[in-house]
Amino acid sequence: MAIQKIKGEVVSTGMTDTVVISVKRAISHPIYSKRVFKSKKYMIHAPGAKLSVGDIIEAKLVRPISKNKKWAYIKKTKK
């Protein structure tokens, strides 16, 4: 099985060793055939990472770290 990865924008850095990212995706509206953007937030385990709000990062799926954290920080792609 391939490694699952997500890429998103950091929206919160208030917790210790954890950042929250928002992953946006575009879907086609079933009736109006227009692109609609949906987003979902994920908690990312990032101990020691120097991240700030607005950074674009990549994360991979790992074993559950806590109730809400199932993703781990890989790298920062943009600032």
Side-chain angles (χ1 to χ4, degrees):
M1 185 172 152
I3 297 174
Q4 290 184 350
K5 293 182 182 179
I6 55 174
K7 186 187 286 188
E9 179 180 356
V10 176
V11 294
S12 173
T13 58
M15 295 171 275
T16 307
D17 295 337
T18 303
V19 295
V20 179
I21 67 168
S22 177
V23 177
K24 294 181 180 151
R25 62 187 181 97
I27 63 164
S28 179
H29 193 279
I31 297 172
Y32 301 117
S33 299
K34 184 177 180 178
R35 287 179 54 171
V36 179
F37 293 95
K38 301 222 174 210
S39 65
K40 185 173 179 181
K41 292 182 180 178
Y42 294 94
M43 289 183 150
I44 309 297
H45 185 64
K50 304 289 185 196
L51 299 171
S52 59
V53 175
D55 290 344
I56 306 295
I57 67 167
E58 284 186 19
K60 67 177 179 177
L61 189 63
V62 294
R63 64 179 180 82
I65 298 165
S66 69
K67 178 183 173 183
N68 297 320
K69 286 199 297 187
K70 295 161 185 64
W71 298 88
Y73 170 76
I74 298 175
K75 64 180 178 179
K76 179 168 41 170
T77 55
K78 289 185 192 173
K79 180 164 180 160

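What you see is a predicted model; the values in this text were computed from it and never measured.
Under the 4.5 Å side-chain heavy-atom criterion for Ile, Leu, Val, Met, Phe, Trp and Tyr, Tyr73 and Val10 are members of the same hydrophobic cluster.
Of the inter-residue distances, the one linking Lys70 atom NZ with Gln4 atom CD reads 13.0 Å to the nearest 0.5 angstrom. One finds the CG atom of Asp55 at 11.5 Å from the CD1 atom of Ile21 (value rounded to the nearest 0.5 Å). Note that the CZ atom of Arg35 and the OG atom of Ser28 stand 9.0 Å from one another [nearest 0.5 Å]. Remark: Met43 CE to Lys69 NZ distance equals 8.0 Å, nearest 0.5 Å. Rounding to the nearest 0.5 angstrom, the gap separating the CZ atom in Arg25 from the NZ atom in Lys40 is 9.0 Å.
Using a 4.5 Å heavy-atom cutoff, the side chains of Trp71 and Val62 are not in contact. At least one side-chain heavy atom of Pro47 sits less than 4.5 Å from a side-chain heavy atom of His45. Two residues are said to be in side-chain contact when any heavy atoms from C-beta on lie closer than 4.5 Å; Ile65 and Thr18 fail this criterion.
Of all non-hydrogen atoms in Ile57 and Val19, the two that sit nearest each other are CD1-CG2, 4.2 Å. Scanning all heavy atoms of the two residues, the minimum distance from Val11 to Ser22 falls at CG1-CB, 3.8 Å. The two residues Lys76 and Lys50 come nearest to each other via the heavy atoms NZ-O, 3.9 Å. Summarising the geometry of Ala59 relative to Ile44, their closest heavy-atom pair is CB-CD1, 3.7 Å, with the distance given to 0.1 Å. Shown here for Lys24 and Ser39, the closest heavy-atom pair between the two residues is CG-CB, 3.9 Å.
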Task: Working for side chain to side chain contact (heavy atoms under 4.5 Å, CB included), residues Met15 and Val20 - done: CA-CA 9 Å; Met15 295 171 275; Val20 179; 3.6 Å; yes
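The backbone N or O of Ile56 sits less than 3.5 Å from a side-chain atom of Thr77, completing a donor-acceptor pair.
For Ile3, the CD1 atom is loosely surrounded, since the number of other residues' heavy atoms within 6.0 Å does not exceed 12.
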